[in-house]
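Everything below concerns the one structure shown next.
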Amino acid sequence: MSLAVLAACSSVSLKHSPPPAPAPQPGSTATPGPAPIVEIPTGPTWERGKARWVQGRWADVPGWQQDRTAEVWPALWRGCARPPATPEWQALCATVRQRGISWGQDVGHALVRQWLEASFQPWQVLTAEGQATGLLTGYFEPLIDARRKPVGAFQTPLHRPPADLGQRKPHLSRAALETTDEGKAALAGRELLYVADPLDALLVQVQGSTRVRVLDEPNGQGQPRVVRLAFAGHNDQPYQSVARWLVDQGAFPLEQASWGAIKTWAAANPGRVAEMLRANPRVVFFREEPLTQPELGPLGAQGQPLTPGRSIAVDKDSMPYGTLVWVDSTEPQAWAPTPPPPRPLQRLVVAQDTGGAIIGAVRADYFWGWGDEALLQAGRTKQSLKMWVLWPK
């Protein structure tokens, strides 16, 4: 799942239009420049659901020679446990699985790149209408503190699904679950953990999973035990962005909307936090899982664990899970009136997840990992994107 608090999925990034261009300074005589030349790739095409794939050459793939290609091998190896259901992928993945998860590290980037070039054909991804440029956003897995019992500031629960979740659609809204006798009864006894900040609960629900340090449950070393809460369903109510609600309330302009801006507003307006949260009627429920592989992310829609920096979420109607994808984008950076030149983000990833706002052919959500730095990167990611699919020959 994607991480959007401003749009309809799960990213603290802004999944609407990009910030407007700066207005001309007083006295400026700036005039519009010439319209950009749009180059539409040509070559043999392959219609794939909502997408059109255009056959290309390795020389057409920007930055191909610069990627640390061996780093994608573990994600590919895991994805090959459930490869795309075609004969060519089945045969290729049999080879991948036979070589083992460490093969890329063992042989190095250059040999992995040579094997990829010998085994795959690159295809540039376009929309059905021929558009080559789309949108890259980002998501991550939060890491939060919680307690088993409501103690002190830890009063906001995260819940298992109500017993009747699958029997009524839609289920009760957030406001009804929190304020009515029927809603309170539906959640009674379903508490998994309690967090200290209602915004932590919001972030976890938007993301769909989280790592949790259980402060009142020490491990064998006397440190808080770390578990994962995984997505277990939602109440089928429509998702409404609290950031969009705050923009509409005049809290801040659209181009400055961010997770930090939301937290700053909440700290200054504690009496309105519940009102803000109830602007989003959707509630996400969880199941608890042991964190057996802390170096990996949660399971994606493919059923395999996500790899930081090497897994993306895609529109499953445009691209099969398990597909190798080259993303051509730029690194996100903090908003500034005059930002520095962007650095390229060009690397090989595996399509292993999806999300409610990941719609369209040239569209991806980049998994940054977990923790504070991943939150910052995911929250800033709203970049122009081009994509190439690597398909077995």
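No hydrogens, no waters, no symmetry mates; every other heavy atom, side chains included, goes into these values.
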> What's the verdict on salt bridge (charged side-chain N to carboxylate O under 4.0 Å, His left out) for E288 and R225, showing C-alpha distance, side-chain angles and the deciding distance?
Replying inline: CA-CA 13 Å; E288 184 175 326; R225 190 162 75 94; 3.7 Å; yes

>> With a 6.0 Å cut-off (strictly less than), is the heavy-atom count around CD of Q105, excluding the residue itself, greater than 12?
In response: no

>> Between N235 and V283 (side chain of the first, backbone of the second, donor and acceptor by atom type, cut-off under 3.5 Å), is there such a pair?
In response: yes

> Would one find more than 12 heavy atoms of other residues, nucleotides or ligands at under 6.0 Å from atom NZ of K50?
Replying inline: yes

> So, R282 side chain and P238 main chain: donor-acceptor pair closer than 3.5 Å or not?
Replying inline: no

>> Using a 3.5 Å distance criterion without hydrogens, assess whether the side chain of T45 forms a donor-acceptor pair with backbone atoms of R52.
In response: no

>> Assigning hydrophobic clusters by single linkage (Ile, Leu, Val, Met, Phe, Trp, Tyr; side-chain heavy-atom cutoff under 4.5 Å), is L202 placed with V247?
In response: yes

>> My understanding is that a hydrophobic cluster links ILVMFWY residues whose side chain heavy atoms are under 4.5 Å apart, including indirect links. Using that, what else belongs to the cluster containing Y194?
In response: F154, L215

>> I'd like to know whether V327 forms a side-chain contact (heavy atoms from CB on, under 4.5 Å) with R347, so could you lay out the CA-CA distance, the side-chain angles of the two residues, the decisive distance to 0.1 Å, and finally the verdict.
In response: CA-CA 6 Å; V327 295; R347 61 174 50 192; 4.1 Å; yes

>> Between Q205 (side chain only) and V284 (backbone N and O only), is there a donor and an acceptor less than 3.5 Å apart?
In response: yes

> Under a 4.5 Å cut-off applied to non-hydrogen side-chain atoms, are L158 and V212 in contact?
Replying inline: no

> Does the distance from a Lys or Arg side-chain N to an Asp or Glu carboxylate O, for D67 and R310, drop under 4.0 Å?
Replying inline: yes

>> Please confirm whether the ring centroid of W53 lies under 6.0 Å from the ring centroid of W391.
In response: yes

> Taking only residues two or more places apart in sequence or in another chain, which ones pass side chain to side chain donor-acceptor pair (under 3.5 Å) with E129?
Replying inline: T127

>> Applying a strict under-4.5 Å side-chain criterion to I, L, V, M, F, W and Y, I'd like to know whether F286 and L143 cluster together.
In response: no

>> If the condition is side chain to side chain donor-acceptor pair (under 3.5 Å), which residues does W64 pass it with, not counting sequence neighbours?
In response: E117

>> Tell me every residue that passes side chain to side chain donor-acceptor pair (under 3.5 Å) with R147, counting only those two or more places apart in sequence or in another chain.
In response: none

> Can you check side-chain contact (heavy atoms from CB on, under 4.5 Å) on Q207 and V204, steps first, answer last?
Replying inline: CA-CA 5 Å; Q207 286 304 107; V204 171; 5.8 Å; no

> Checking side-chain contact (heavy atoms from CB on, under 4.5 Å) for the pair L291/V227: CA distance, chi angles, key distance, verdict?
Replying inline: CA-CA 5 Å; L291 192 63; V227 300; 5.7 Å; no

>> To the nearest 0.5 Å, what is the distance between OG1 on T156 and CG on D200?
In response: 8.5 Å

> Do the side chains of L277 and Y239 join up, straight or via other hydrophobic residues, at under 4.5 Å, putting them in one cluster?
Replying inline: yes

> Got a donor-acceptor contact below 3.5 angstrom from the Q377 side chain to the W368 backbone?
Replying inline: no

>> What's the separation between atom CD in Q346 and atom OG1 in T330, rounded to the nearest 0.5 Å?
In response: 9.5 Å

>> Looking at E289 and R228, is there a salt bridge between them, counting it only when a charged N and a carboxylate O are closer than 4.0 Å?
In response: no

> Quick one: are Q333 and P342 in side-chain contact, heavy atoms under 4.5 Å?
Replying inline: yes

> Quick one: salt bridge (Lys or Arg N to Asp or Glu O under 4.0 Å) pairs with a partner in residues 89-110, sequence neighbours left out?
Replying inline: none

>> Using the ring pair (Phe, Tyr, Trp, His ring centres under 6.0 Å) criterion, which residues pair with W123? Sequence neighbours excluded.
In response: W46

Side-chain polar contacts of residues 297-308 - donor-acceptor pairs under 3.5 angstrom, sequence neighbours left out - could you list them?
residue: Q302; atom: OE1; partner: Q352; partner atom: NE2; Å: 3.3
residue: Q302; atom: NE2; partner: G79; partner atom: O; Å: 3.0
residue: Q302; atom: NE2; partner: R82; partner atom: O; Å: 3.0

> Looking at D145 and R213, does any basic side-chain N land under 4.0 Å from a carboxylate oxygen?
Replying inline: yes

>> Within the structure provided, determine whether W326 and M387 are in side-chain contact (heavy-atom separation under 4.5 Å).
In response: no

> Does atom NZ of K169 have more than 12 heavy-atom neighbours from other groups under 6.0 Å away?
Replying inline: no

>> In this structure, would I144 and V226 fall into the same cluster of hydrophobic residues linked by side-chain contacts under 4.5 Å?
In response: no

>> Once ring pair (Phe, Tyr, Trp, His ring centres under 6.0 Å) is applied, do any residues pair with W388, and if so which ones, sequence neighbours excluded?
In response: none

> Aromatic ring centroids of F367 and F140 under 6.0 Å?
Replying inline: no

>> Quick check against the 3.5 Å criterion: does D216 have a side-chain atom that pairs as donor or acceptor with the backbone of R148?
In response: yes

> Hey, any chance L390 and L345 share a hydrophobic cluster, counting ILVMFWY side chains that come within less than 4.5 Å of each other, even indirectly?
Replying inline: yes

> Quick one: CD on Q256 to CG on L246, what's the gap to the nearest 0.5 Å?
Replying inline: 13.5 Å

> Of the non-hydrogen atoms in L193 and A146, which two are nearest, and what is the gap between them?
Replying inline: CB-CB, 4.0 Å

> Does D365 use its side chain to pair, donor to acceptor, with the backbone of G138 at less than 3.5 Å?
Replying inline: yes

> Just wondering, are more than 12 heavy atoms of other shown residues or ligands nearer than 6.0 Å to CD in E47?
Replying inline: yes

>> A side-chain contact here means heavy atoms from C-beta on lying under 4.5 Å apart; do L203 and W259 qualify?
In response: yes

> Can we say E141 and R211 salt-bridge, meaning some charged N sits less than 4.0 Å from an Asp/Glu carboxylate O?
Replying inline: yes

> Under the side chain to side chain donor-acceptor pair (under 3.5 Å) test, which residues partner N269, sequence neighbours left out?
Replying inline: none

> Ignoring hydrogens and geometry, is there a side-chain-to-backbone donor-acceptor pair from D315 to I359 under 3.5 Å?
Replying inline: no

> Would a distance-only check, ignoring hydrogens and angles, find a side-chain to backbone donor-acceptor pair under 3.5 Å from D164 to Q167?
Replying inline: no

> What residues form a salt bridge (charged side-chain N to carboxylate O under 4.0 Å, His left out) with R272, not counting sequence neighbours?
Replying inline: E275

>> Can you tell me how far apart CG (L177) and CG (L172) are? Round to the nearest 0.5 Å.
In response: 5.0 Å

> Just wondering, do Q237 and R174 contact through their side chains at under 4.5 Å, heavy atoms?
Replying inline: no

>> Quick check: do M276 and L199 have side-chain heavy atoms less than 4.5 Å from each other?
In response: yes

>> Using every non-hydrogen atom in the two residues, find where W77 and I101 come nearest and quote the distance to one decimal.
In response: NE1-N, 3.5 Å

Just distance, no hydrogens or angles: give the donor-acceptor pairs under 3.5 Å from side chains in residues 181-190, sequence neighbours left out.
residue: E182; atom: OE2; partner: R168; partner atom: NH1; Å: 2.9
residue: R190; atom: NE; partner: P161; partner atom: O; Å: 2.9
residue: R190; atom: NH2; partner: P161; partner atom: O; Å: 2.7

> Side chain of T323, backbone of P320: donor and acceptor closer than 3.5 Å?
Replying inline: yes

> Step by step, would you call Y321 with T354 a side-chain contact (heavy atoms from CB on, under 4.5 Å)?
Replying inline: CA-CA 9 Å; Y321 297 142; T354 194; 3.3 Å; yes

>> Applying ring pair (Phe, Tyr, Trp, His ring centres under 6.0 Å), can you list everything that pairs with F120, at least two apart in sequence or on another chain?
In response: W89, W115

> Taking the side chain as C-beta and beyond, is there a heavy-atom pair between T133 and V362 under 4.5 Å?
Replying inline: no

